[in-house]
Chemist: 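Please see the structure below; I have some questions.
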Amino acid sequence: MTDTKIALKPKDFETDQEVRWCPGCGDYAILKQVQTAMAQLALRPSDVAVISGIGCSSRFPYYINTYGLHSIHGRAAAIASGLRMANPNLSVWIATGDGDCLSIGGNHFIHLLRRNFDLNILLFNNQIYGLTKGQYSPTSELHKITKSTPVGVIDHPLNPLSLALGADASFVARSIDRDGKHLQAMLLRCEQHRGSSFLEIYQNCNIFNDGAFELFTDKATKADTALFVEQGKPLVFGTEAQYGIRLDGHQPQRIDLREGSFSADDLWLHDETDLYKAQLLARFFDDPRTTPNALPRVFGILYAAQRPCYEYDLNEQIAQQQAQKGTGNLDELLSGNETWFIA
Amino acid sequence: MPFQYKDEVTIKFAGDSGDGMQLTGNEFTGNTALTGSDLATFPDFPAEIRAPQGTTAGVSGFQLHFGSRRIFTPGDRCDVLVVMNAAALKSHLNSLKKGGILIANIDGFDHKNLRLSKYPDGDNPLQNGSLTDYELHALPIGKLTREALRESPLGTKDKERAKNMFVLGFLYWLYDRDMQSTIDRLNAKFARQPDILQANLLVLKAGWHYAETIETLGTRYRVAPAPLPAGEYRNIMGNEALSIGLIAAARQLQLTLFYGSYPITPASDILHHLAKHKNFGVKTFQAEDEIAAICAAIGASYGGNLGITGTSGPGLALKAEAIGLAVMLELPLVIIDVQRGGPSTGLPTKTEQADLLQALYGRNGECPAVVLAAHSPSDCFDTAMEACRLAVQYMTPVILLSDGYIANGAEPWQFPTADQLPQDWKVKFRQTLQADEVFLPYERDEKWVRPWAIPGTDTLTHRIGGLEKEDGTGNISYSPANHEYMVKVREAKIAGIADDIAPQTLTEGVENGDLLILGWGSTYGAIRSAVRDLIAEGHSVAHAHLRHLRPLPRNLGDLLRQYRRVLIPEINNGQLVKVIREQYLLPAVPFNKIQGLPITSAEIKIAALSLLS
């Protein structure tokens, strides 16, 4: 390995494999942005490993010209953890979906986050099972009609960002497939963060759940439903920046700045290092289709903080033990503390 | 007083969990080893961590078998039984031979103890004449201990704790031992607690003097040294030997050992042992569940470590899908299954051999993996080394079967030195490409083995996964012909390992005969003892014991056909016997015991004699 940075283009991260997602799938946009981000970050392809589980999103490794492992359903987090422990010099990316990460792989996901392995988790959330052709997922909204719920979903949907913060994730962000520029910026921050970087990406499944996030991307509605947070900036949204969020005690309140009761100075300033505020932002989870004057859905980095990473602490323990006891004498190990001779 | 020489002796120490019977047993064992006897031990723990005092559920036992001949098992029935309370007598009297020595602590047979162990009210077995078949020595051990410690500044409870030393001293006298090894160990252990040290030494000597003084002991016993090969020995338990074997193998392969595991009885001690050896560069990872444990090990192997996971039967079931992934990825992986009684939670602290078919076949699809079994505590070392060798040299998962009996059992081990270990195991990762060469992750060598190219290696970027793949390129392939070819190739790779393992040999006996007893795993000692006896009695019997269960040794079929009958004893409902019948179309006869207990050599002799008559 050398640390000479090489100029790479997104094309250098493409493979010879035919991409087999459905035409129009949001995954294409994500793939392009990840390849661009990797080039932008000047990552050497041979120092990158993309690990996935099962699902449409988990085909990702086959299309990125790095090391890649397409594993079994839900287990990418556990495999990536082992890989990080084996080689902490690699840049490790997990590509996962809402079923893979939050349903069958939910246990590994929370334990990965609490251990804070230094890697990136890209959750392609399309609120549906695509590969198995259209069953509801743990993030599908209530009452949704799907193949497995002909009279509507009665499972309460899971809030991935709140779950991640509950597991003490050190980096929690949300982006969307249709906003390439924002997604690009989030991917760069993920790789730069030391620890588990969790990025939820709203991804449109145009076959089984088309338009699930349309309100957040459609020109007519986007400004009123989506709030893009930036460090140190007030929480403002709306076509004319006419709405804002202020804190009334610990209650977030949606206000209309045009009414005159509050000014821009009264608004909540975003601080991505504030865990309590991040937890409130993650709870902005109203369905704008059914809730009038809903709190807007938050995009951007909700939370980013530094704390120890498991694999670095593990290596530190090993180094400490070796400094104390030496690097291990095999003969002493074989003989143990007590031996005897037979003549 | 006369000395009587014995060829072999089996002693069982039994008492309440708090009576220190494991310590007493281990101490007597260490002392026995110094006399040059061969030996084997087995602890019998209660299932509960703190079972109610005085009840049979709380009885903790430790059995030692030693002798001037070769010893292969912890012994079928006991010559000496030490019971510290009524519950211990109730639980273990049936293991004492008629005429055997029974040493009972009278203080453990008071009204409360008798009630807790469910003896009829007022019917003390030490006094009601029910033990006339045995040489009973009922001693007031608690009282004698307190008496010996009259001057000690220790509190009543601490004094009470020393009573196991009385038993030890008593037995040291009975077996004419030098107590110095125990005195040295007590000195080291309690160097900073002089009152406790003094108390233990006093009570130890009190036990010795009491035995010397009372006149009921008519005989003292001696056991001559066994004809063991000359050399340096240590005592070793199965799980520890397995752990050392993994560390040694990783050293010889020049790989970092990664061990991912989730706590489960009786495999957890492997995690404990390995976690203590971080200075060897060992990485241990207590995962969130069994699946994460194996998947982390797969991830570590993918990254160039020696990935290992350990568990027991229920955990092996949970790992099945991930083993399939490792078969498809063709990465090195060792899966240790320390078997226990099943199915489901079954008998967690009891032994069984009922995971063989699960190890051989328990996965979706045509999914061949190497399967090995260790046969004794010290053999866990060699089998662990072999498992790691095959996993790495053949890029395959290897399942290593141990069980609760050998995991916790102990025996003397003539351990190797580091320079006696194989020196030519160094792993060669794929590092470079020729000019114009395209890297093919599934290009195979003459043994069907693919290259191991790890992330971080320049120019060798590639993608692998659980989907069926095209041979050579590793690209996803749904081609019917390719799938059939790949299934056959994966099978051929594992089957071909038979060329790289030693031919099956006989442990006892000669080729061509009336009966071959074929075993695997922890039945080794019992079969070998039984076969030695049968040969000595003039029968035409031999013993072969399998380490490699998949693939089987090339010559096994020919070997089996040299005998009129083949008997296969197993602690299950007949698993290896199915494989042997299917593989060789031989009418092998099963002998099965499924009680959570080892098969005894006496039971094997009876089964063998019924086939010989």
Side-chain angles (χ1 to χ4, degrees), chain A residues 1 15 17 44-52 54 61-62 64-75 77-87 89-90 107-108 110-111 314-315 317-318 320-322 324-331 333-343, chain B residues 30 33-34 36 225 228-236 244 247-248 251 256 258 260 277-281 283 285 287-289 291-292 295-305 307 321-322 325 329 415-418 421 454-467 475-476:
Chain A
M1 228 179 280
T15 66
Q17 297 296 295
R44 292 158 52 94
S46 56
D47 289 339
V48 178
V50 183
I51 313 294
S52 68
I54 293 293
Y62 291 114
I64 300 203
N65 185 21
T66 60
Y67 285 90
L69 203 166
H70 176 220
S71 76
I72 44 178
H73 208 11
R75 317 303 171 201
I79 290 172
S81 302
L83 180 58
R84 282 295 306 166
M85 285 183 270
N87 185 352
N89 297 319
L90 299 171
N107 195 30
H108 309 309
I110 58 175
H111 290 279
L314 176 65
N315 282 330
Q317 277 193 338
I318 289 172
Q320 276 173 4
Q321 289 288 299
Q322 289 179 331
Q324 269 175 32
K325 302 183 189 171
T327 50
N329 180 319
L330 201 49
D331 276 312
L333 179 73
L334 290 163
S335 70
N337 295 327
E338 206 171 64
T339 67
W340 68 92
F341 286 92
I342 287 181
Chain B
L34 295 176
L228 291 168
E232 192 175 7
Y233 286 75
R234 66 172 289 185
N235 201 31
I236 192 87
I244 295 173
I247 294 174
R251 268 285 164 98
T256 296
F258 177 92
H277 292 106
K278 286 209 161 74
N279 63 318
F280 281 80
K283 294 175 179 171
F285 177 59
E288 60 271 23
D289 59 32
I291 297 171
C295 286
I298 291 172
S301 280
Y302 178 58
N305 282 180
E321 189 195 12
L325 174 67
L329 298 177
F415 54 91
T417 55
L421 300 176
I454 61 173
T457 313
D458 208 10
T459 72
L460 298 184
T461 56
H462 64 281
R463 274 66 55 192
I464 55 177
L467 285 170
N475 291 334
I476 299 172

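Per chain, numbering begins at 1; letters A, B, ... match sequence-line order.
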Chemist: Does CD in A:Gln320 sit with more than 12 non-hydrogen atoms of other residues, nucleotides or ligands closer than 6.0 Å?
Modeler: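 Yes - once you tally the heavy atoms of other residues, nucleotides and ligands closer than 6.0 Å, there are more than 12.
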Chemist: Are A:Asn87 and B:Ile454 side-chain neighbours, meaning at least one heavy-atom pair lies under 4.5 Å?
Modeler: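 Answer no - side chains too far apart.
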Chemist: Quick one: of A:Gln324, A:His70, A:His73, who has the most non-hydrogen atom pairs under 4.5 Å with chain B?
Modeler: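 Maximum pair count with chain B is reached by A:His70.
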Chemist: Where on A:Asn329 is there a heavy atom nearer than 4.5 Å to chain B: the side chain, the backbone, both, or neither?
Modeler: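 For A:Asn329, the backbone is the part near chain B, not the side chain.
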Chemist: Name the region of B:Ser301, side chain, backbone, both or neither, that has any atom closer than 4.5 Å to a heavy atom of chain A.
Modeler: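 Answer is neither: B:Ser301 stays 4.5 Å or more from chain A.
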Chemist: By a 4.5 Å heavy-atom criterion (distance strictly below it), what part of B:Pro416 contacts chain A: side chain, backbone, both, or neither?
Modeler: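 Contact with chain A is through both the backbone and side chain of B:Pro416.
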Chemist: Considering only heavy atoms, which portion of B:Ala292 lies under 4.5 Å from any heavy atom of chain A: side chain, backbone, both, or neither?
Modeler: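 Looking at B:Ala292, backbone and side chain both touch chain A.
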Chemist: Pick whichever of B:Asp458, B:Leu34, B:Ile247 has the most heavy-atom pairs under 4.5 Å with chain A.
Modeler: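 With the most close heavy-atom pairs to chain A, the winner is B:Asp458.
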Chemist: Checking heavy atoms, do the side chain of A:Gln17, its backbone, both or neither come under 4.5 Å from chain B?
Modeler: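 Contact with chain B is through the side chain of A:Gln17 alone.
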Chemist: Using non-hydrogen atoms only, which part of A:Ile64 is less than 4.5 Å away from chain B: side chain, backbone, both, or neither?
Modeler: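 For A:Ile64, backbone heavy atoms alone lie under 4.5 Å from chain B.
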Chemist: Got a second to check how far A:Leu69's CG is from B:Leu325's CG, nearest 0.5 Å?
Modeler: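 Here the rounded value is 6.5 Å.
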Chemist: Looking at B:Gly299, is its backbone amide N or carbonyl O close enough to the side chain of A:Arg84 to form a donor-acceptor pair, meaning the two atoms are under 3.5 Å apart?
Modeler: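 No: the side chain of A:Arg84 does not pair with the backbone of B:Gly299.
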Chemist: For B:Gly303, does its backbone N or O pair with a side-chain atom of A:Tyr67 as donor and acceptor, under 3.5 Å?
Modeler: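 Side chain of A:Tyr67 to backbone of B:Gly303: no pair is present.
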Chemist: Could you tell me whether the side chain of B:Asn475 reaches within less than 4.5 Å of the side chain of A:Tyr62, counting heavy atoms only?
Modeler: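 Result no, sub-4.5 Å side-chain heavy-atom pair not found.
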Chemist: What part of B:Thr417 is in contact with chain A, defined as an atom under 4.5 angstrom from a non-hydrogen atom: side chain, backbone, both or neither?
Modeler: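 The answer is both parts of B:Thr417.
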Chemist: Please check if the side chain of B:Asn279 supplies one atom and the backbone of A:Gly326 the other of a donor-acceptor pair under 3.5 Å.
Modeler: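 Yes, because the side chain of B:Asn279 sits within donor-acceptor range (under 3.5 Å) of the backbone of A:Gly326.
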Chemist: Look at the side chain of B:Arg251 and the backbone N and O of A:Gly328, then say whether any donor-acceptor pair between them is shorter than 3.5 Å.
Modeler: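 Checking the backbone N and O of A:Gly328 against the side chain of B:Arg251, a donor-acceptor pair under 3.5 Å is found.
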Chemist: Would you mind checking which part of B:Leu460 comes under 4.5 Å of any heavy atom in chain A, side chain (CB onward), backbone (N, CA, C, O), both or neither?
Modeler: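 Both the backbone and the side chain of B:Leu460 come within 4.5 Å of chain A.
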Chemist: Could you measure the distance from the CE atom of A:Met85 to the NZ atom of B:Lys283? Nearest 0.5 Å is fine.
Modeler: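 A:Met85 atom CE to B:Lys283 atom NZ measures 9.0 Å (nearest 0.5 Å).
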Chemist: Keeping B:Glu232 on the side-chain end and A:Trp340 on the backbone end, is there a donor-acceptor pair under 3.5 Å?
Modeler: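 No: the side chain of B:Glu232 does not pair with the backbone of A:Trp340.
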Chemist: Pick from B:Leu421, B:Ile244, B:Thr256: which one has the most heavy-atom pairs with chain A under 4.5 Å?
Modeler: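 Result: the option with the highest number of such pairs is B:Ile244.
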Chemist: Would you check if A:Ile110 and B:Glu288 make a side-chain contact, meaning some heavy-atom pair closer than 4.5 Å?
Modeler: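 Result no, sub-4.5 Å side-chain heavy-atom pair not found.
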Chemist: What are the two closest non-hydrogen atoms of A:Leu334 and B:Ala418, and how far apart are they?
Modeler: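 So the minimum-distance heavy-atom pair works out to CD1-N, 3.8 Å.
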Chemist: Quick one, B:Ile291 and A:Asn107 - any side-chain contact, counting heavy atoms below 4.5 Å?
Modeler: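 When only atoms from C-beta onward are counted, A:Asn107 and B:Ile291 do not touch, as no gap falls below 4.5 Å.
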Chemist: Give me the atom names and distance for the closest heavy-atom approach of B:Thr459 to A:Ser46.
Modeler: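 Between these two residues, the closest heavy atoms are N-CB, 4.3 Å.
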Chemist: Could you please spell out the steps behind the side-chain contact (heavy atoms from CB on, under 4.5 Å) verdict for A:Leu314 and B:Lys278?
Modeler: CA-CA 9 Å; A:Leu314 176 65; B:Lys278 286 209 161 74; 3.9 Å; yes
Chemist: Between A:Ala80 and chain B, which part of the residue has a heavy atom less than 4.5 Å away: side chain, backbone, both or neither?
Modeler: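 Contact with chain B involves no heavy atom of A:Ala80 at all.
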Chemist: Of all the heavy-atom pairs spanning A:Leu83 and B:Pro455, show the shortest one and how long it is.
Modeler: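 Looks like CD1-CG, 4.4 Å.
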Chemist: For the candidates B:Ala322, B:Cys295, B:Gly465, B:Ala296, which exhibits the highest count of non-hydrogen atom pairs separated by less than 4.5 Å from chain A?
Modeler: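 Among the listed options, the one with the most contacts to chain A is B:Cys295.
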Chemist: Which atoms of B:Tyr233 are under 4.5 Å from chain A, going by heavy atoms: the side chain, the backbone, both sets, or neither?
Modeler: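 Both parts, backbone and side chain.
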Chemist: With chain B, which of A:His111, A:His108, A:Gln321, A:Lys325 has the greatest number of heavy-atom pairs at distances under 4.5 Å?
Modeler: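 Counting heavy-atom pairs under 4.5 Å, the top option is A:His108.
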Chemist: Heavy-atom pairs under 4.5 Å with chain A - which of B:Ala287, B:Gly30, B:Ala33 has more of them than the others?
Modeler: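 The candidate making the most pairs under 4.5 Å is B:Ala33.
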Chemist: Counting heavy-atom pairs closer than 4.5 Å to chain B, which one of A:Ser335, A:Ala77, A:Ser71 comes out on top?
Modeler: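 Highest number of pairs under 4.5 Å: A:Ser335.
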Chemist: Just by modelled atom types, is the A:Thr66 backbone N or O under 3.5 Å from a matching donor or acceptor in the B:Arg463 side chain?
Modeler: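 Confirmed, B:Arg463 side chain pairs with A:Thr66 backbone.
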Chemist: Give the minimum heavy-atom separation between B:Phe280 and A:Leu333, together with the two atoms involved.
Modeler: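 Where B:Phe280 meets A:Leu333 most closely, the heavy atoms are CZ-CB, 3.8 Å.
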Chemist: If I take atom OG1 from residue B:Thr457 and atom CG from residue A:Asp47, how far apart are they, to the nearest 0.5 angstrom?
Modeler: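 B:Thr457 atom OG1 to A:Asp47 atom CG measures 9.5 Å (nearest 0.5 Å).
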Chemist: Could you look at B:Phe285 and say if it's the side chain, the backbone, both or neither that has a heavy atom under 4.5 Å from chain A?
Modeler: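 Backbone plus side chain of B:Phe285, per the 4.5 Å heavy-atom cut-off to chain A.
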